[in-house]
Amino acid sequence: MINQLSWKVGGQQGEGIESTGEIFCIALNRLGYYLYGYRHFSSRIKGGHTNNKIRVSTTETRAISDDLDILVAFDQETIDVNYKELHEGGIIIADAKFKPVCPEDTKAELYIVPFTEIAAELGTSLMKNMVAIGATCAVLGMEISVFNDVVDEIFGRKGEEIVKKNMDAITAGYKAMEVLLGEKLGAMELEKADGQKRLFMIGNDAIALGAVAGGCRFMAAYPITPASEIMEYLIKKLPQLGGTVIQTEDEIAAATMAIGANYGGVRAITASAGPGLSLKMEAIGLAGITETPIVIVDTQRGGPSTGLPTKQEQSDLMAMIYGTHGEIPKIVMAPSTVEEAFYDTAEAFNLAEEYQCPVIVLSDLQLSLGKQTVQPLDYSKVEIRRGKLVDFDIEEPENKSYFKRYEVTEDGVSPRVVPGMKNGIHHVTGVEHDETGRPSETALNRKVQMDKRMRKLNNLTNTFKTPVYKNTPHEEADLLILGFNSTRGTIDEAIGRLESDGMKVNHAQIRLIHPFPADEVLSLVQAAKKVVVIENNATGQLANIIKMNVGHVNKIKSILKYDGNPFLPHEIHTQCKEMFEYGNV
Amino acid sequence: MINQLSWKVGGQQGEGIESTGEIFCIALNRLGYYLYGYRHFSSRIKGGHTNNKIRVSTTETRAISDDLDILVAFDQETIDVNYKELHEGGIIIADAKFKPVCPEDTKAELYIVPFTEIAAELGTSLMKNMVAIGATCAVLGMEISVFNDVVDEIFGRKGEEIVKKNMDAITAGYKAMEVLLGEKLGAMELEKADGQKRLFMIGNDAIALGAVAGGCRFMAAYPITPASEIMEYLIKKLPQLGGTVIQTEDEIAAATMAIGANYGGVRAITASAGPGLSLKMEAIGLAGITETPIVIVDTQRGGPSTGLPTKQEQSDLMAMIYGTHGEIPKIVMAPSTVEEAFYDTAEAFNLAEEYQCPVIVLSDLQLSLGKQTVQPLDYSKVEIRRGKLVDFDIEEPENKSYFKRYEVTEDGVSPRVVPGMKNGIHHVTGVEHDETGRPSETALNRKVQMDKRMRKLNNLTNTFKTPVYKNTPHEEADLLILGFNSTRGTIDEAIGRLESDGMKVNHAQIRLIHPFPADEVLSLVQAAKKVVVIENNATGQLANIIKMNVGHVNKIKSILKYDGNPFLPHEIHTQCKEMFEYGNV
Amino acid sequence: MATFKEFRNDVKPNWCPGCGDFSVQAAMQRAAANVGLEPENLAVVSGIGCSGRISGYIKSYGFHGIHGRSLPIAQGVKMANRELTVIASGGDGDGFAIGMGHTIHAIRRNIDITYIVMDNQIYGLTKGQTSPRSAAGFKTKSTPEGSIEQAVSPMELALSAGATFVAQSFSTDLKDLTAIIEAGINHKGFSFINVFSPCVTYNKINTYDWFKQNLTKLNTIEGYDSSNKEQAMQTLMKHDSLVTGIIYQDSSRPSYQELVPGYAEKALNKSDLTLDQAHFDKLVAEFM
Amino acid sequence: MATFKEFRNDVKPNWCPGCGDFSVQAAMQRAAANVGLEPENLAVVSGIGCSGRISGYIKSYGFHGIHGRSLPIAQGVKMANRELTVIASGGDGDGFAIGMGHTIHAIRRNIDITYIVMDNQIYGLTKGQTSPRSAAGFKTKSTPEGSIEQAVSPMELALSAGATFVAQSFSTDLKDLTAIIEAGINHKGFSFINVFSPCVTYNKINTYDWFKQNLTKLNTIEGYDSSNKEQAMQTLMKHDSLVTGIIYQDSSRPSYQELVPGYAEKALNKSDLTLDQAHFDKLVAEFM
Ligand SMILES: Cc1ncc(C[n+]2csc(CCOP(=O)(O)OP(=O)(O)O)c2C)c(N)n1
Ligand SMILES: Cc1ncc(C[n+]2csc(CCOP(=O)(O)OP(=O)(O)O)c2C)c(N)n1
Ligand code: SF4
Ligand code: SF4
Ligand SMILES: [Mg+2]
Ligand SMILES: [Mg+2]
């Protein structure tokens, strides 16, 4: 019996690879297993190798596994590209149709099952993925009945006949594999899971759901990988709440329309990836100086330019902090789990309204698209705080003058009214302005307003709930590992191994990127002999931010990966060890 | 006799204030005086206070003076706004028309001359500015004949009659003032200047001329303050060289069209200010990954958003370094004088072609618009270096395959062909690509190409001519002052005073902002007891860059000004001294 | 009900004396009063340019945005609160150069707002460069030998983009202009009004006189039927777009808001930000 | 003279089997050969989308830029070297959503390049969202209850924007399409060709069959005169723009390049980068 399994299904894009993985996962998730998925895909619609790698475990894991137990192959390319990941004792289950052959150095055993043929015999070759699931079941020694419900839900609409056929396909796959396996049937039997009901979703689902929970009722966006799911979810759900999504003509319209809607008093969001964010820079500055709340999601992907649109990267960090001309108050958050993506997005709307400034929720492709088991989301933990939004009757201002929308206050935040309110009339402009929003160029006013805006965030690193996720058991650590976004689980796993090797390792994942929680990070840095920052980019952006804020320029080292793939646990493990062995941390 | 003078003329926008200053300056420049001008103006066309403050000196000065000797006022507002700058012994010359009154605490003496009336009598009240120049001459005890040539050049086209009338107006102004001054005639006589022929121009002129000298033959741009003069100059001059300027529909078109032209083999430029640069971020990334040379000028102004469009600021630094998503090789230069603006812009085209990447020439409003005396520009110092541009016949590639435009080379730079060349066919894309430009997503290729691109600039800080302008007479300094762009002259002057106070002060102006000349700056920082970075922004952007690169986080302090005005020498002087006195450097 | 004086604030516009934009401002104030608005129920969103300052000169909610983006901002405001009257406004550079894409798309989207362009055929605020409305041959700071591009016809483009309300006016015709703005506000859907608003400082060709001589009022064209799109297009072509009046109006097409599935019938900004726990549970259950 | 095979490279397009873009590629290759081009004298600039990949599938200089910006890039290339033949190309989202402003302005600027849009009424590469060419009511991933915006008519817009060459074709009509592209390349000025190029994966409405049933060839309309703009506009309106052929051509208007003052008569990229010292001295003297 094993307590975890790494399973991969691969084939040509457009062949149903995704749905094969999906059905397999939903069923296992319902049994209480923890799943963590990774999709390899390209920027094209049909054709080209794609695969879905799924980690199944009886305990929580949030990392892609280093190696592979089972590979389901729908074409030869899948074997060629992936066989090296399989260890001794691993299994390849391949469709007979393409006459699979294994390279000489393949460590795993090949089982050839006529997926397509069996499926065709049962009615349609489209069901070949069901056959493959059945075959997998045989290896796991799992009863195929676990798929009953899922298949029913997915195909129920199409009638009982279809449901039955699909279940038959699974059965047939199981049977065929059973024969081939012989006594190896159930060779990879999984320990029983806890049967708890957990969620199975991608980060983008959580972001979108977080928006709904956070009171968002309007979105303006333009499609782009890997952000589109957020828009597509809200398109389906906002109408239930009176809200809506507008797919705009471009990202500039998306950002400015969302600004307009927020100014109008609705919690509004926009989401995009790198190229879209680059286009939104001017709008972000406008939100900053007009003190208009806005939540903007950046699902980072491989850059620069169009770059690697379907690949993992974390290279927009600096652009998100610094990428508009001039200086504005701005909040950049980086959830490092799907759960955090949910809570942080909801919270982003509170911060945007409380601080009246743009809030960027940074994600990365692996967090946004990696489908995984997620702990139940607790709606009662979601607050709605609207800051200084005026919701009471305003007295008529003296001399019929304008409302002091930009009143200079101690905390820098001014009362905010939205159009439609009596006696709240004021002006809003991207030009420097006085307390009522009237353009003003005087040196004195400029300084006063600039200081007012910039001081809004002075205290944020203290009031923000968890600016740094910490797993820091050691008062004095040999090593402190820092990261952000989706690397958390992988770092966790690597740390497990480093600790087994006898090292004392602390771990911190920066969740509030800007303003930077310098004090907290400084004390962590000071409490470690060596410090390494793990990032999916080429220039060590987070490391640079840390250096700028806490110094220790020479102590802070980087482990970088920018080949389009997420880190694997063994990469972090070995590189950290090497650093120690050669003393070059 | 004095060796320097500070003169200001003020009135309503659209009243000819600029041309008053202009005529006065051209004449004095020709006499060999050094002039340094500062324009106070607003973002409107007619009306609103404007003034032109001019420093005249027998030695080179590149700073606005702290105070004022002579104020020429065309309206009461000019007196009210500016009288405090006048010291004891200063003179206000005001038009009788608006019945000028001086506030009680005015230290200067008021002389009322009927500018408008005299001018009207001589033909047209438009000549009131000539009368004012004449009156100024009387204070300086300067012969009005020095204006003969200038007036002739400016009005010559309109006929001798007009020339004469304008000279008469100057004479009349002189005479009227002569009477009022009595024995104070020539009270502020200037020492004779050296009579050397120097230039009188704004930084934008130098940038545009540098572009012409640097081989630029195409520009695509969209108007914006304070960058438009660059476009307007090139519109006039490029047609003489077969080139042209296209005023595009927006900045995105401007940047991408310039990319197209550079790809096409022409040296092409685009120029804008903050808002335009924010819009160009996506295009900059495209140039980065396609390794297309492009020169982009950013004339910084007050931000964020529309901000203070006619005011001084240096707040785009971070956005210029980091403001595109993903990671590209990019060069950011910051000339600190008008001369450097000329040479640097010309050189920018060489660097863009040699390194095949975007080069941003950073300026600021005071450098771009401050009209001043400039040392002769030496065209022989301008080189044309085109890097690895292929200008020889290419052999037919094997198998009719594509040209390796992105060949992996040691220095990271690949041979570059432009469309039209036989056997040079290749593909260019913003998607990650292989050596021939074909899209490729493999991890291996990605890393190789990313490394190739990023290593192009590895050595730039060593080969770049003067990455840091240094005036560092002290091996061990009490204080190191750092700055960039137009603050150089002001810092110079402040240092003069600090040295007089007995302090040992080194000065460095960063001219290569990115990649950052870390080693050079580190050794300067180490050689100083205290370090202060002077910037026209609110967050200390250059200071942050320095901290990130050289550490010494606690040693590096900032003096910031972000009220829309350039620093004055006394501000730097006193703030540096205070820091020392209160020990809080 | 507010009078037009209640739409005045105490700010003195910083436009040059004689600028066409003064009358546009006055017409907007009058129209707002005439259609029965209260100042707090009007939001004027504007772009950047001399014209863009207008949102600061009318006593109403005002949002002076960034260059070329008044329309997306205005549409966002309207979507947030369909009970507001929203007017977007700006210059010809703002709307037809950098903002061209948004203009075409706002027209076809047909959200119920009014867009007023102050068309002076030049860039005023940046001191006299050519605009997409500058005629070929027009000499400006950026085209010292005359523009070599053709001017766009906003009216033709709007018709082609599927506009439901297209009108043109001249800033001195205060009565006509006011009436057209009223009609635009009352129109259910996107109303697009191009106003010839001379720049007395930088445009010495398209002056008040020039327009007086060259404009034709549509109500002087016999049989002109503003519900006939083909006739509208022909008339524009024939008169080189130099006509004033309501060129085309389609009152039958529903506005965008009326078509949005599930869209709140009242101001969206007043809706509850919380969910029933049951609703949340249902959403979450989809992921199990 | 190169044959069309010489415009082929060895890259297998990654389009879905049956995608309309294959024929567009073939037609471009044929047209290039037919007008007598050598591969190195052709530059194909493309946007981002399935369609945008086309620049990588034709053996010529190719520039695959960013989403919506193929036109400004292409215009820059042409200005750098007027001796090149420059074709810009991309999808309907690329050209009519994010790129709409550039499209209108490229049309009115009239630089001598050819613009070919692969119009599939959908966003292909991002997996099936609505495009500005999607018809009202069309159900897509982003409009599950049907689009509530009106589709734009690129042809009408182009005419309104002052186009000198406007044509439409259907990707299966390889002969017609090739001829139209040839005519476009030969046209002196900006030529705009919209090609109905079905997306077999995401657009189940505007299929090959649908087009076959709904398109009218202009050469079957008696008396159709492609030099008559008014007739062109009327015909478009009447046929809901569902026509193929050269809709309008004005051969009399000079192209942009011909009008640029002082513009080098040969390729600008070959001009000398240095100045005479005397020329420099003259420039400098203006500042003394
Ligand atoms: C992104 C951006 N680009 C350029 C500018 C500079 N700018 C300000 S107004 C303007 C154009 C003004 O022309 P128009 O829109 O016709 O308005 P007008 O001043 O004529 O009323 C420009 C280019 C800017 N503010 N922002
Ligand atoms: C700035 C930017 N926004 C969004 C995207 C994502 N994107 C890629 S292609 C595309 C649209 C594709 O539609 P279309 O232009 O019609 O081309 P098609 O795929 O249908 O040929 C989008 C939105 C992008 N690459 N860049
Ligand atoms: S410059 Fe022209 S548009 Fe601007 S305010 Fe003056 S007259 Fe009006
Ligand atoms: S998705 Fe549509 S447009 Fe894209 S390649 Fe496939 S068929 Fe063609
Ligand atoms: Mg204008
Ligand atoms: Mg499309």
Side-chain angles (χ1 to χ4, degrees), chain A residues 42-43 252 273-275 277-279 281-282 285-286 288-290 298 300 302-311 313 315-316 318-319 321-328 429-432 441 443-444 446-447 450-451 454 537-539 544-545 547-554 562-565, chain B residues 42-43 252 273-275 277-279 281-282 285-286 288-290 298 300 302-311 313 315-316 318-319 321-328 429-432 441 443-444 446-447 450-451 454 537-539 544-545 547-554 562-565:
Chain A
S42 326
S43 181
I252 297 176
L277 266 293
S278 279
L279 288 171
M281 285 303 154
E282 196 196 8
L286 177 67
I289 191 170
T290 60
D298 176 24
Q300 297 171 94
S305 198
T306 310
L308 292 169
T310 61
K311 301 290 172 211
E313 199 162 284
S315 58
D316 295 352
M318 284 295 197
I321 304 174
Y322 295 115
T324 188
H325 66 280
E327 296 162 311
I328 56 164
T429 172
V431 171
E432 190 56 272
E441 297 181 333
L444 183 67
R446 160 65 167 188
K447 196 164 172 329
M450 192 78 181
D451 287 342
M454 299 312 280
N537 62 49
T539 56
N544 279 336
I545 294 294
K547 288 178 191 168
M548 179 198 295
N549 282 284
V550 313
H552 294 277
V553 174
N554 298 318
Y562 45 96
D563 66 0
N565 299 312
Chain B
S42 324
S43 182
I252 297 176
L277 266 292
S278 279
L279 288 171
M281 285 303 152
E282 196 196 10
L286 177 67
I289 191 170
T290 61
D298 176 24
Q300 297 171 96
S305 196
T306 310
L308 291 170
T310 61
K311 301 288 172 210
E313 200 162 283
S315 59
D316 295 352
M318 284 294 197
I321 304 174
Y322 295 115
T324 189
H325 66 281
E327 295 163 312
I328 57 165
T429 173
V431 171
E432 190 55 273
E441 296 180 333
L444 185 67
R446 159 64 168 191
K447 193 164 173 331
M450 192 76 184
D451 286 342
M454 298 312 280
N537 62 49
T539 57
N544 279 336
I545 293 293
K547 288 177 190 169
M548 179 197 300
N549 282 284
V550 311
H552 294 278
V553 174
N554 298 319
Y562 45 94
D563 66 0
N565 299 312

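Worth saying up front: this structure is predicted, and the values here are computed from it rather than measured. Here is how names work: the chains are called A, B, and so on, in the same order as the sequence lines, proteins then strands, and each is numbered from 1. Below, each value reflects all heavy atoms present in this structure, side chains not excepted, and no hydrogens, waters or symmetry copies.
- Per-residue counts of heavy-atom pairs under 4.5 Å with chain A were compared for B:Asn565, B:Asp298, B:Ile545, B:Asp451; the largest is that of B:Asp451.
- A pairwise comparison of heavy atoms in B:Gly430 and A:Ser305 identifies O-CB, 3.6 Å as the closest pair.
- Contacts of A:Ile252 with chain B are made by side-chain atoms alone, with heavy-atom separations under 4.5 Å and no backbone atom involved.
- The two residues B:Leu308 and A:Glu441 come nearest to each other via the heavy atoms CD2-CA, 3.9 Å.
- Interface remark: A:Thr290 contributes no atoms to any contact with chain B (heavy atom separation under 4.5 Å).
- For A:Glu313, the part lying under 4.5 angstrom from a heavy atom of chain B is the side chain only.
- The minimum heavy-atom distance linking B:Glu282 with A:Pro275 is given by the pair OE2-CB, 3.5 Å.
- Contacts with chain A were tallied for B:Gly285, B:Gly303, B:Gly274; B:Gly274 has the most, counting heavy-atom pairs under 4.5 Å.
- Counting heavy-atom pairs closer than 4.5 Å to chain B, the top residue among A:Leu279, A:Thr539, A:Ile328 is A:Thr539.
- Heavy atoms closer than 4.5 Å to chain B are found in both the backbone and the side chain of A:Asn537.
- B:Glu432 CD to A:Thr306 OG1: the interatomic distance, rounded to the nearest 0.5 Å, is 11.0 Å.
- Among the candidates A:Ala273, A:Gly564, A:Ala319, the residue making the largest number of heavy-atom pairs closer than 4.5 Å to chain B is A:Ala319.
- Contact count against chain A (heavy-atom pairs under 4.5 Å) is highest for B:Ala538 among B:Gly323, B:Ala538, B:Pro309.
- For the atom pair CG (B:Asp316) and NE2 (A:His325), the distance works out to 6.5 Å, reported to the nearest 0.5 Å.
- Of all heavy-atom pairs between B:Thr324 and A:Ser278, the closest is OG1-OG, 3.7 Å.
- Across all their heavy atoms, B:Pro304 and A:Arg446 have their closest contact at CD-NH1, 4.4 Å.
- At a 4.5 Å heavy-atom cutoff, the contact between B:Leu286 and chain A is made by backbone and side-chain atoms alike.
- Considering only heavy-atom pairs separated by less than 4.5 Å from chain B, the leading option among A:Glu327, A:Met318, A:Lys311 is A:Glu327.
- From B:Lys547, atom NZ reaches atom CG of A:Asn544 across 14.5 Å, with rounding to the nearest 0.5 Å.
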